[in-house]
Amino acid sequence: MNHSRHITALLRILLISILVFAASQSTGCGSVYHRAKSDLPPEPDARLALRMDEARAAAIAAADRAEALAAAMEAPRPLDSSRPPTDQIAADRAEAALIELNRRLLAAADTLGSLPPPAEPDPGQEADQKAGQSPGQAPGQTTGQAIEPVTARDTAMLTHGRLVAARDLLDTTLTAAKATGLRNSETPAALRAAAVRLREAAAR
């Protein structure tokens, strides 16, 4: 019995490795950066947009796998005990998608960290803004409180944070599902909730 369980565990590890490799190949290179840096766009904003698009796509793929696992857990198990249960296969695929999402988020974080720092504001313009004036505006004429423009970096950091939070929710749900042997009746609803969070984060 122990020998059989050991073989089953090894086969699961092999299956997950194959699924992770296939997922990475379907979207580019298999490294954590997914593309050689020399192949990336030279413009920082274009590189960041590419990495965030990759992270969003991986989040949607992980959401698909989470929903597929939820459906598999609700379906009857096959009577043929020699075949792996469909919910176990779906769990392996969901885990592989989660690993791929982690890799994409790491690549996006790397790009965010490599961006040049924001330009320092012009001292004269900053003084005018503090006074509630536009640059060159006559004293006494105000336009209201100045609003800092939202940059691509700001938007990407916000989206990345939401994707990380949604990723963590799916990770927690999958860990709990495996701990109960995919038998908890509340897990499918939790998986679908995690999928919704991932899609919402990817859409922002």
Side-chain angles (χ1 to χ4, degrees), residues 12-13 15-35 45-75 85-115 150-204:
R12 286 195 61 230
I13 293 173
L15 176 60
I16 291 173
S17 300
I18 293 173
L19 290 171
V20 170
F21 177 78
S24 63
Q25 290 300 308
S26 66
T27 50
C29 172
S31 72
V32 70
Y33 299 105
H34 309 287
R35 298 178 188 220
D45 286 348
R47 289 200 303 272
L48 179 59
L50 174 63
R51 292 307 194 194
M52 292 306 300
D53 284 346
E54 291 173 344
R56 289 189 185 93
I60 293 173
D64 290 342
R65 292 303 187 187
E67 290 171 342
L69 174 56
M73 289 181 65
E74 292 172 337
T86 55
D87 56 354
Q88 186 60 70
I89 295 174
D92 291 342
R93 288 173 175 169
E95 187 174 355
L98 179 62
I99 293 172
E100 178 64 12
L101 175 56
N102 283 333
R103 290 153 58 91
R104 296 294 182 179
L105 288 173
L106 282 172
D110 178 73
T111 302
L112 277 168
S114 68
L115 292 178
V150 178
T151 65
R153 179 205 295 263
D154 296 332
T155 302
M157 289 181 66
L158 182 61
T159 300
H160 187 272
R162 287 170 172 158
L163 287 171
V164 168
R167 184 272 319 270
D168 290 346
L169 178 60
L170 177 58
D171 189 11
T172 300
T173 305
L174 282 176
T175 300
K178 289 185 291 184
T180 59
L182 304 177
R183 290 292 194 273
N184 192 326
S185 61
E186 297 179 358
T187 299
L191 286 167
R192 291 190 174 98
V196 169
R197 284 283 298 276
L198 284 166
R199 294 186 191 282
E200 288 176 347
R204 294 180 186 273

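Side chains included, hydrogens not; waters and symmetry mates left out as well; all remaining heavy atoms used. For the single chain, residues carry numbers from 1 onward in sequence order. Just so it is clear, the structure is predicted and the values come from calculations on it, not from any experiment.
With a 4.5 Å cut-off on side-chain heavy atoms, L69 and L174 count as touching. Put simply, the side chain of L198 does not reach to within 4.5 Å of the side chain of I60, judged on heavy atoms.
Taking all atoms of both residues into account, the shortest heavy-atom contact from A190 to T173 is CB-CG2, 3.7 Å. When all heavy atoms of L48 and A152 are compared, the pair lying nearest together is CD2-O, 4.0 Å. Listed here is the closest heavy atom pair of A97 and A61: CB-O, 4.4 Å. Closest approach of A62 to L170, counting heavy atoms only: CB-CD2, 4.0 Å. Between T111 and S114 the shortest heavy-atom distance is O-OG, 2.9 Å. Nearest heavy-atom pair across L163 and L105 is CB-CD2, 3.8 Å.
In this structure, CG in L101 is found 11.5 Å from CZ in R103, a value given to the nearest 0.5 Å. For the atom pair R153 CZ and L158 CG, the distance stands at 14.5 Å (nearest 0.5 Å).
Salt-bridge annotation for E200 and R197: absent, with no side-chain N of the basic residue lying under 4.0 Å from a carboxylate O of the acidic one. Salt-bridge check for R65 with E100: failed, with every basic side-chain N at 4.0 Å or more from each acidic carboxylate O. In this structure, D64 pairs ionically with R199, as a charged nitrogen and a carboxylate oxygen lie closer than 4.0 Å.
Every side chain to side chain contact (heavy atoms under 4.5 Å, CB included) that D171 has, sequence neighbours left out, goes to L98, T175. Looking at residues two or more places apart in sequence or on another chain, you find no side chain to side chain contact (heavy atoms under 4.5 Å, CB included) involving A75.
Side-chain atoms of T159 do not come within 3.5 Å of backbone N or O of A156 as any donor-acceptor pair. Proximity of a side-chain donor or acceptor of D92 to a complementary backbone N or O of I89 within less than 3.5 Å is not detected. Side chain of T187 to backbone of R183: no donor-acceptor contact under 3.5 angstrom is found.
Only one option out of R47, M157, H160 pairs with M52 in a side chain to side chain contact (heavy atoms under 4.5 Å, CB included); it is H160.
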* To do: Apply salt bridge (charged side-chain N to carboxylate O under 4.0 Å, His left out) to E54 and R51, showing your working.
  => CA-CA 5 Å; E54 291 173 344; R51 292 307 194 194; 3.1 Å; yes
